[in-house]
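Okay, structure first, notes after.
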Protein chains: 2
Amino acid sequence: MSTSVDFDDNSRMTDTTPRRRDATATRRAILTSAREAFAEMGYDGAGVREIAARAGVTAMLVNRYFGSKENLFAEAVAEGMARTAVVLPKILSSGATGEEIAKTLLGITGASDTPMEGFQILLRSASSRRAAEISRELIERHQQKAIATALGGDLAAQRAALMLSLIAGVQLMRQMIALPALADSKSKSVVRTLAPLFQMLIDGNA
Amino acid sequence: MSTSVDFDDNSRMTDTTPRRRDATATRRAILTSAREAFAEMGYDGAGVREIAARAGVTAMLVNRYFGSKENLFAEAVAEGMARTAVVLPKILSSGATGEEIAKTLLGITGASDTPMEGFQILLRSASSRRAAEISRELIERHQQKAIATALGGDLAAQRAALMLSLIAGVQLMRQMIALPALADSKSKSVVRTLAPLFQMLIDGNA
DNA sequence: GTCTATAGAAAGATAGAC
DNA sequence: GTCTATCTTTCTATAGAC
């Protein structure tokens with residue numbers, strides 16, 4: 001590298017400098033963009049071009065950094081699920097009541113941008129076989145085990161799985177399908193109906 | 001029968017006879033094929049070519065009979081939901097217990113071809129905005145009202161909506177995500193945990 | 001009524017300049 | 001490290017023969 005240092009020193013010759021040249025920042029921007037796009041439009045709906053455009057780069061870089069769309073999706077789901085993962089086990093481990101869980105759930109499934117991004121990606125991407133596999137792995141590792149531990153008692157795994165089912169179902173019907181009875185009606189009356197279900201899953205049945 | 005066969009009689013002029021020439025049967029075959037394909041692979045995953053091939057026709061006829069893929073999907077969801085619709089309200093209206101519902105649900109979400117095709121299409125197609133709209137309309141009209149009527153009592157609409165949420169969530173986690181705690185473990189222990197939830201939605205809470 | 005053939009758009013991924 | 005330009009495939013939808 002002695003004599004041919006002519007692209008940093010004397011930048012007169014090759015002065016292009018197309019962008020900011022920060023690999024980690026670019027990678028991070030793509031991943032964030034992908035997380036949002038997948039949550040909004042699902043695995044099939046979100047195109048690499050669009051994800052790249054949101055991140056301010058070209059489609060080529062997506063494949064350069066992540067190899068393929070599938071790999072990008074796996075990382076996006078992992079990050080989304082990691083974010084979501086902190087919410088539920090936390091409120092459970094501190095001995096929350098069914099009503100508190102119901103309130104929390106309804107509070108974070110109303111707006112469009114939510115802490116439930118992991119589940120949203122999952123729901124919007126359930127069509128893809130590969131996406132389902134990736135999701136199962138992540139749910140099992142991050143969500144179910146943490147919830148089952150927090151719940152404790154008999155049949156903790158099943159109760160945790162059913163709690164996840166109920167949460168996913170509510171998010172689906174309320175946020176994505178927008179079933180009026182859940183989306184439009186007063187949160188309070190929904191909480192009243194939903195709370196005892198969570199309470200029963202917390203307590204376990206004799 | 002007897003003398004008809006005008007494509008056999010004067011077959012000298014137009015002798016092609018490419019297929020059987022039964023418009024309603026062809027249309028019906030396409031619709032059936034579409035219902036299965038959408039349930040299996042979702043709106044984006046199922047291509048018109050593949051749907052047509054399963055029905056034994058070419059892709060062109062799909063658009064001839066249904067105008068577009070979106071219209072075809074709408075009809076397929078409608079039929080799938082109508083089939084699913086008869087299951088739940090029926091067992092509810094006859095005063096079923098939570099345990100009976102739980103047993104029924106687990107019985108029809110294990111196999112691959114199920115009476116829950118309507119929900120399956122919905123879950124696999126939740127990525128599509130248009131699919132969600134179509135589904136909401138159909139769920140509201142066919143499922144929720146029937147269930148709410150069968151349930152009766154206070155907050156019947158919310159209770160029905162939550163029952164649908166729970167059903168959809170269980171189907172999602174058990175059949176599509178294949179969460180081991182729900183998919184692999186003995187049905188009996190899952191029923192034991194699930195039954196009181198349904199019972200509570202049936203009774204309504206004081 | 002059904003076919004073959006193809007138009008036209010959009011997808012994911014790659015090559016090579018700078 | 002990032003770009004432009006392009007390859008290849010796949011999709012929905014249409015045109016026209018029979």
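As the structure is a prediction and not an experimental result, all values here were calculated from the model. Just so we're on the same page: letters track the sequence lines, and every chain starts at 1.
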Task: Rounded distance (Å) that lies between atom C1' of D:dG1 and atom CE of A:Met60 - done: 9 Å
TODO: List for me each residue that meets side-chain hydrogen bond (donor to acceptor under 3.5 Å, both in side chains) alongside B:Glu70, sequence neighbours excluded, and say none if there are none.
DONE: B:Arg130
- [ ] Mind checking side-chain hydrogen bond (donor to acceptor under 3.5 Å, both in side chains) for A:Arg124 and listing every partner two or more places apart, or none if nothing turns up?
- [x] none
Open item on the list: When the axes are fitted on five pairs at both termini, how much does the helix from C:dG1-D:dC18 to C:dC18-D:dG1 curve, in 10° steps?
Closed with: 10°
Task: Residue list, side-chain hydrogen bond (donor to acceptor under 3.5 Å, both in side chains) with B:Thr24, at least two apart or on another chain - done: B:Asp22
Task: Worked check of salt bridge (charged side-chain N to carboxylate O under 4.0 Å, His left out) between A:Glu140 and A:Arg136 - done: CA-CA 6 Å; A:Glu140 217 183 338; A:Arg136 173 177 59 239; 5.3 Å; no
Task: Euclidean distance, atom CG of residue B:Leu72 to atom P of D:dC11 [Å, nearest integer] - done: 15 Å
Open item on the list: So, using ring pair (Phe, Tyr, Trp, His ring centres under 6.0 Å) as the criterion, who are the partners of A:Phe119 when residues are at least two apart?
Closed with: none
Task: Gap between atoms CG and C1', on B:Leu61 and D:dT14 respectively (whole Å) - done: 13 Å
Open item on the list: As a test of reading the structure: which of C:dG1, D:dC3, C:dC3 is closest to the side chain of B:Val57, going by heavy atoms?
Closed with: C:dC3
Task: For atom CZ of A:Arg64 and atom P of C:dA17, their distance in whole Å - done: 15 Å
Task: A:Arg141: side chain to side chain contact (heavy atoms under 4.5 Å, CB included) partners, not counting sequence neighbours - done: A:Glu137
Task: Intermediate values then yes/no, side-chain hydrogen bond (donor to acceptor under 3.5 Å, both in side chains), A:Arg174 and A:Thr109 - done: CA-CA 7 Å; A:Arg174 177 172 151 86; A:Thr109 53; 3.0 Å; yes
Open item on the list: How would you summarise protein contacts on nucleotides 8-13 of chain C per nucleotide, using B for base, S for sugar-phosphate only and - for none, with heavy-atom distances below 4.0 Å?
Closed with: ---BBB
- [ ] Describe the nucleic acid contact of B:Tyr65 in one word from base, sugar-phosphate, nothing, applying a heavy-atom distance below 4.0 Å.
- [x] sugar-phosphate
Open item on the list: Using the ring pair (Phe, Tyr, Trp, His ring centres under 6.0 Å) criterion, which residues pair with A:Phe198? Sequence neighbours excluded.
Closed with: none
Open item on the list: List the residues meeting side chain to side chain contact (heavy atoms under 4.5 Å, CB included) with B:Val62, not counting sequence neighbours, and say none if there are none.
Closed with: B:Ile30, B:Val48, B:Ala52, B:Leu72
TODO: Specify the separation, in whole Å, of atom CG of A:Asp22 and atom P of D:dC3.
DONE: 13 Å
TODO: Tell me which nucleotide among C:dC3, C:dT2, D:dT4 gets nearest to the side chain of A:Thr58.
DONE: D:dT4
